[in-house]
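To start, the structure itself, in structure tokens.
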Amino acid sequence: MKQKITLSLEKGIEGLEAKNLLKSPIPKKVPLSLSVASQFGDLTTNIALQLKSEKRPMTLANILAESLKEVELIEKVEVREPGFINIFLKKEFLYQVLSWVLEKGEKFGSSQAGKGKKILVEFVSANPTGPLTIAHGRQAALGEAIAKILSANGYQVTKEYYLNDVGSQIDLLGESLLARYREILGLPFSIPADGYFGDYLKTIARELKDKYKDKLLAKEKDFFSHLAANKILSEIKKDLSDFKVHFDSWFSEEKLRQSSEVKKALSQLEEKGYLYRRDGAAWFKSTSFGDEKDRVLQKRNGAYTYLAPDIGYHQNKYERGYHSLINLFGPDHDGYIPRLKGALIALGHPSHSLSIIIVQLTTLYQGKKKLSMSTRKGEFITLRELIKEVGADVARYFFLSRKSQSHLDFDLELAKKNSSENPAYYIQYAHSRICSIMKFAREKGISCEGRIKLSCLSSLKEKEELNILRFLFRFPYLIETSGKTLQVQPILSFLQELAGDFHSYYNKFRIVTKTGDLTRARLWLTKGVGIILRNGLSLLGISAPEKM
RNA sequence: GCGCUUGUGGCUCAAUGGAUAGAGCGCUGGCCUCCGGAGCCAGUUGUUGGGGGUUCGAGUCCCUCCAAGCGCGCCA
């Protein structure tokens with residue numbers, strides 16, 4: 001539909017050009033967007049305001065509007081000051097949309113726009129040195145939703161977790177566990193100053209004592225590192241699975257380092273002249289790419305810095321056939337972006353092929369009280385505790401209710417409330433209400449299965465009904481936009497609005513009436529809303545319960 | 001000091017550069033003999049942190065100041 005209108009607008013513009021009314025070249029794209037309010041029609045274009053001409057925008061708009069009148073399914077075209085062209089679609093078109101929704105069901109809103117292009121989404125990637133925190137939870141919720149949205153747009157998406165299972169943090173973890181082990185055996189112990197003090201290591205130490213007594217004291221430090229990391233990793237996997245987040249791939253830094261990939265990437269950088277040696281260390285010339293200073297890749301003692309294997313890792317992503325990479329990082333990594341991106345550009349990858357989404361921190365509140373967190377000190381609310389307190393759906397709702405680059409204040413007290421004060425249930429309630437209506441109708445012997453009769457839908461005349469139909473029309477465009485902007489939050493707002501309009505509609509009109517055709521039409525409408533709510537919630541990873 | 005992010009009713013948040021800045025919570029008053037009251041309806045609450053600029057049009061873009069969070073290692 002949009003295409004048809006765009007086409008005839010383009011024709012109209014060519015017409016203007018032919019009459020020499022334009023001062024600027026014809027724009028490549030004609031902007032056509034969904035109207036912000038129903039009084040402005042269904043679709044809107046501001047093209048007349050964009051064109052440079054001797055004539056007033058209003059004059060141009062009126063000429064262009066004429067060219068649209070021919071298009072089928074357009075009810076009317078209005079031109080409003082200062083030069084908007086508002087397009088009203090025929091009711092028949094909206095009925096058609098509803099029948100598409102019912103026909104396509106859970107596929108409605110999906111498209112093949114991505115043409116199966118391979119995309120890799122990397123997120124969470126928390127070091128296996130402690131339990132997942134709520135900050136990771138926010139990333140998990142967001143990453144999962146982005147992956148689902150991209151899939152719905154026809155991309156072939158892989159979700160990957162980069163596992164920093166080697167390096168100084170892991171060494172510290174091992175030392176910390178050894179210390180706890182000695183502690184529990186009644187031996188003198190000391191935890192490294194920048195080690196891990198959380199109680200979870202005590203728990204592991206206790207298990208070791210119960211199983212092996214003091215026999216492990218002879219083991220190397222590495223033994224404890226591996227043991228602790230593996231143990232914690234399996235907890236992390238369990239937490240994610242409880243949060244309904246599933247990774248397709250776990251990429252081990254240790255295996256990466258064992259391979260020659262890191263070395264290879266560094267020598268490629270050297271070939272291209274972006275690597276030099278100074279003070280016995282190997283430096284990457286990241287200042288060539290806007291970084292504030294050059295960065296060390298290989299230390300004087302021969303060990304890699306964090307950046308080196310990370311370059312190798314990203315190079316490896318490209319080599320695996322992904323030409324579009326999306327990374328979710330915490331805000332503590334934002335200064336890190338120029339050097340990573342710089343390295344990838346140096347290796348010949350286009351700068352737009354890597355999108356980095358910074359997911360800001362979450363501050364947890366207990367009512368008015370702020371709860372502080374630090375993994376190393378062992379003071380934090382874990383993701384597990386959060387899910388236990390409020391449930392996965394509510395946690396997701398709050399995580400996704402703000403755009404990713406904003407700080408999130410998470411009020412535990414509000415989230416725990418099982419009542420109308422908790423906004424998380426609003427959409428779900430609409431969905432279960434719909435299921436309940438459908439059940440009621442079935443029990444009355446009214447069936448709305450089978451083919452939809454478009455003639456029957458013409459009973460939908462109320463402005464509330466037409467308004468809801470417009471929502472259904474907007475849904476596929478919403479998914480499309482979301483796939484481009486990688487913004488998840490607008491989907492939540494949309495569902496919230498749709499649920500709200502449906503609640504109002506329900507209170508004002510009866511769905512199941514005495515008139516057969518009207519009842520069937522309204523049930524179809526109700527069913528359609530249910531499908532959209534379900535599809536939308538599913539993209540967000542929130543369940544759509546039939547009963548609550 | 002430098003960089004990134006944020007600043008919108010009492011609170012938590014919306015608003016592809018677009019038309020009258022919207023929701024929820026809170027507060028006040030109403031709504032089930034009938035499809036789920038975790039809902040609905042009405043009312044209340046705004047100099048979009050301050051100041052300049054670009055634009056037909058700015059909460060949105062640019063400059064500047066203020067405030068908050070985070071980051072500025074041969075840590076990861």
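What you see below is based on every heavy atom in this structure, not just the backbone, and it leaves out hydrogens, waters and symmetry mates. Numbers restart at 1 for each chain; the letters A, B, ... are given by sequence-line order, proteins then strands.
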Return the value, rounded to whole Å, for the distance between atom [atom1] of [X] and atom [atom2] of [N].
X	N	atom1	atom2	answer
A/Y477	B/U16	OH	C1'	15 Å
A/D411	B/G26	CG	P	12 Å
A/F502	B/A23	CZ	P	20 Å
A/L34	B/G18	CG	C1'	14 Å
A/N301	B/C74	CG	P	12 Å
A/Q405	B/C13	CD	C1'	13 Å
A/K547	B/A38	NZ	P	16 Å
A/L495	B/C13	CG	P	20 Å

What pairs of nitrogen or oxygen atoms, one from the protein and one from nucleotides 32-34 of chain B, lie under 3.5 Å apart?
from, atom 1, to, atom 2, distance (Å)
B/C34, O2', A/R510, NH1, 3.1
B/C34, O2', A/R510, NH2, 3.4

[N] and [M]: how far apart are their [atom1] atoms, nearest whole angstrom?
N	M	atom1	answer
B/C13	B/U8	C1'	10 Å
B/C62	B/G69	P	24 Å
B/G10	B/A19	P	23 Å
B/U33	B/G29	C1'	24 Å
B/G17	B/G1	C1'	34 Å

Have a look at [X] and say if it touches a base, only the backbone sugar-phosphate, or nothing, with a 4.0 Å heavy-atom cut-off.
X	value
A/T526	nothing
A/Q298	nothing
A/E443	nothing
A/N86	base

Taking syn as within 90° of 0 and anti otherwise, name the glycosidic form of B/C66.
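Anti for B/C66; the angle lies over 90° from 0.
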Can you tell me which residue among A/Y304, A/Y306, A/F251 is in a ring-ring contact (aromatic ring centres under 6.0 Å, His included) with A/Y313?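 So the option named by the test is A/F251.
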Between A/N164 and A/D409, which residue's closest nucleotide on RNA chain B lies nearer the 5′ terminus?
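Counting from the 5' end, the first nearest nucleotide belongs to A/D409.
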Under a plain distance cut-off of 3.5 Å, with no hydrogens placed, do [Y] and [X] share a side-chain donor-acceptor pair?
X	Y	answer
A/N164	A/E253	yes
A/Y196	A/Q169	yes
A/T44	A/S33	no
A/N422	A/Y397	no
A/H314	A/N327	yes

ask   = Per the atom types in the model, does the base of B/U16 pair as donor or acceptor with the side chain of A/S33 at under 3.5 Å?
value =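 Such a pair exists between side chain and base.
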Which of the following nucleotides, [options], is nearest to the side chain of [X]?
X	options	value
A/F40	B/C75, B/C74, B/A19	B/A19
A/S436	B/G36, B/A19, B/A14	B/G36
A/Y429	B/C72, B/G36, B/A14	B/G36
A/S432	B/C74, B/G36, B/A14	B/G36
A/P423	B/A19, B/U20, B/G24	B/G24
A/S406	B/G18, B/U6, B/C35	B/U6
A/R339	B/G18, B/A14, B/A76	B/A76
A/K299	B/G18, B/C75, B/C72	B/C75
A/L49	B/C13, B/C56, B/C35	B/C56
A/V296	B/C74, B/G36, B/C56	B/C74

Check whether any side-chain nitrogen or oxygen of [X] sits under 4.0 Å from OP1 or OP2 of [N], and answer yes or no.
X	N	answer
A/R300	B/C74	no
A/Q489	B/A15	yes
A/Y306	B/A76	no

Listing time: all N or O pairs from protein to nucleotides 66-71 of chain B that are below 3.5 Å?
none

Ion pair check, [X] and [Y], cut-off under 4.0 Å:
X	Y	answer
A/E465	A/R522	yes
A/K263	A/E261	no
A/R520	A/D517	yes

Heavy-atom distance under 4.5 Å between the side chains of [X] and [Y], does that happen here?
X	Y	answer
A/I427	A/I542	no
A/L492	A/F494	no
A/D310	A/Y336	yes

Where do N or O atoms of nucleotides 40-44 of chain B meet protein N or O atoms at under 3.5 Å, pair by pair?
from, atom 1, to, atom 2, distance (Å)
B/C40, OP1, A/Y426, OH, 2.4
B/C40, O4', A/N507, ND2, 3.0
B/C40, O3', A/S504, OG, 3.3
B/C41, OP1, A/S504, OG, 2.7

- For the pair A/K317 and A/E122, evaluate salt bridge (Lys or Arg N to Asp or Glu O under 4.0 Å) and give the outcome as yes or no after the intermediate values. CA-CA 10 Å; A/K317 288 181 180 177; A/E122 185 212 326; 2.9 Å; yes
Runs of at least three Watson-Crick or G-U pairs with RNA chain B, cut-off 3.5 Å
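Listed by first number, the stems are B:1-7 with B:66-72, B:10-13 with B:22-25, B:26-31 with B:39-44, B:49-53 with B:61-65.
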**Report entry** Partners passing ring-ring contact (aromatic ring centres under 6.0 Å, His included) against A/F509 (at least two apart in sequence or in another chain)
**Finding:**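 ring-ring contact (aromatic ring centres under 6.0 Å, His included) check on A/F509 returns A/Y505.
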Practice prompt. Would you please indicate yes or no on a ring centroid separation below 6.0 angstrom for A/H503 and A/Y429?
Written response: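 Ring centres of A/H503 and A/Y429 closer than 6.0 Å.
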Which residue pairs satisfy the salt bridge (Lys or Arg N to Asp or Glu O under 4.0 Å) criterion with at least one member in residues 30-44 of chain A, sequence neighbours excluded?
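Applying salt bridge (Lys or Arg N to Asp or Glu O under 4.0 Å) to every pair that reaches into residues 30-44 of chain A, excluding sequence neighbours, yields A/D42-A/R470.
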Once rounded to the nearest 0.5 Å, what's the spacing between atom CD1 of A/I479 and atom NZ of A/K484?
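Reported to 0.5 Å precision, the distance equals 12.5 Å.
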